[in-house]
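Keep in mind the model is a prediction, meaning the values are calculated, not measured. The chains referred to below are lettered A, B, ... by the order of the sequence lines, with proteins before strands, and numbering in each begins at 1.
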Protein chains: 2
Amino acid sequence: MPERQSSRKDAIRNREAVLAAADALFTRRESPEDVTMADVAAAAGVGKGTLFRAFGDRAGLLRALYEARLEPIRRAVETGPPPLGPATPPHVRVPALLDAALCFKLDHRRLALALEEGGSGSPYRAEHYERWHSLLRAVLEQIPGLDDSDFTAHALLAATRADLVEHLAGEERVPRETMRAQLADYVTRVLASGPPQKPPAEK
Amino acid sequence: MPERQSSRKDAIRNREAVLAAADALFTRRESPEDVTMADVAAAAGVGKGTLFRAFGDRAGLLRALYEARLEPIRRAVETGPPPLGPATPPHVRVPALLDAALCFKLDHRRLALALEEGGSGSPYRAEHYERWHSLLRAVLEQIPGLDDSDFTAHALLAATRADLVEHLAGEERVPRETMRAQLADYVTRVLASGPPQKPPAEK
DNA sequence: GACGATACGGACCACGGGTCCGTTTTGCAA
DNA sequence: TTGCAAAACGGACCCGTGGTCCGTATCGTC
């Protein structure tokens, strides 16, 4: 588990270079699985040893890259203004969160794909999933009439799975805005049926 | 694409043996990825050549096994009695279909897992997914007030993804019946909000 | 029983992840 | 500035796995 910071500037520079190179490769190449660790090392102008020392293993590299790219959204969610931030009413924040997730996966298709399925072990063990899930769950909990917010959170997140997004955007050529609208619609429908009858105009 | 039938009895016997051995191994072993092709061959008492000739590649073996195990459900869906068969009213059949999918993945966790993520390329290219999706879509289409039945079908199926099921059943120790109830609930909620207001008591 | 066709099976290959260790760089301190 | 130990470098190397090849064994037919 070699994940602690180094103070040496060459180490830092190399880490940066690897991250950049990997990002470039993942967006460029068709499928995540044909970007090899040796490729990344070469593209970063670095030896394989360096790369593995810095990130542990392939999964570690993916995780680091993903986390880095996710950072802005994480901040927006944790301390930002509505509609993502904490000061948002639940029935608005839930669609916003899922939309953010969708957009992220649209913007980083290959990367999300690589991490979400290629990564040894299910995506559900990753702690970034844990974070999204427990947040979503907590927000759902505040919506009256929705029990099973745990399962519901899983199910909603499943609708933004990277490979589904990739399939729709890639194979089926569904445009970005269409997909966002469809997801928003779907989420609305799930939330709408809280207390069996209740027109949207209230509060 | 070596997939056509052979008339030679040793070939048939071996094919059977491989299928059985693979099934056994997948259910026994913890994770699908630590059952290797060599393992399967050995367990079936067969050479690797035989195995690859019969199924083409790993994905082919998985597909064949999955298809075989799925057969009963396929028949029940295509020509069986309600609630799975074609003579079922849509708002009953949809939950039934998803419940069947869930139960199948519960009964064949490792296998579904292996096929759904390990298989080269996304699960969304597999034609068995295509079948489930287009069927579900068609049924959804008959429910008034649901537009986007295409996306909705994807989203609902995503709630039964093998790795999610595995996570819930394995890590979280959610009991089978609980999970079924949660899914049923969720599906109901999605369907319920068709025409914005409509109490459940009608026809 | 013989013979062509078909299947068998394990040695063999390619390739990708991950390791090792002699060499180089860095930062500190004398 | 020079000395030096600690840290990082990098590419040769190892190993396991999917997949291939081809000489040999089996099948089924005449």
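Between the CG atom of A/L62 and the P atom of C/dG17 there is a distance of 11 Å, rounded to whole Å. The distance from atom CZ of B/R29 to atom C1' of D/dT17 is 14 Å, rounded to the nearest whole Å. As a whole-Å value, the separation of A/L61 CG from C/dG18 P is 11 Å. Going from atom CG of A/L51 over to atom C1' of D/dA8 covers 14 Å, rounded to whole Å. When the P atom of D/dA25 is taken as reference, atom CG of B/D10 falls 15 Å away, rounded to whole Å. Following rounding to the nearest Å, B/R58 (CZ) and D/dG19 (C1') show an atom-to-atom distance of 13 Å. B/F55 places its CZ atom 15 Å from the P atom of D/dT20, with the value rounded to the nearest Å. Rounded to whole Å, the distance from NZ on A/K48 to P on D/dC14 is 13 Å.
B/Y186 and A/H154 share no donor-acceptor pair across their side chains, judged by distance under 3.5 Å alone. Between the side chains of B/T27 and B/R109, no donor-acceptor pair is found at a separation under 3.5 Å. Checking A/R15 against A/T50 by side-chain atom types alone, no donor-acceptor pair falls below 3.5 Å.
Residue-to-nucleotide proximity on DNA chain C shows that, of A/M37 and A/G49, the 5′-proximal contact is made by A/M37. Residue A/A11 is the one, among B/E33 and A/A11, whose nearest nucleotide of DNA chain D lies closer to the 5' end (criterion: closest heavy atom).
Under the rule for a side chain to side chain donor-acceptor pair (under 3.5 Å), A/T88 has no partner lying at least two apart in sequence or in another chain.
Not one side-chain nitrogen or oxygen of B/R53 sits closer than 4.0 Å to the OP1 or OP2 atom of C/dA7. At the phosphate of D/dG18, OP1 or OP2 sits under 4.0 Å from a side-chain N or O atom of B/T36.
Considering only the side chain of A/F52, C/dT19 comes nearest among C/dC8, D/dA8, C/dT19. Side-chain atoms of A/N14 lie closest to D/dC9 of the nucleotides C/dC8, D/dC9, C/dG17. Between C/dG9, D/dA8, D/dG18, one nucleotide has an atom nearer to the side chain of B/V46 than all others, and that is C/dG9.
A/T50 comes within 4.0 angstrom of a base, heavy atoms only. As judged by a 4.0 angstrom heavy-atom cut-off over every strand, A/R8 is placed among the base-contacting residues.
Between B/H108 and B/F104, the angle of the ring planes lies from 30° to 60°, which puts this pair in the tilted group.
For A/K9 against C/dG27, a side-chain-to-base donor-acceptor contact under 3.5 Å is absent.
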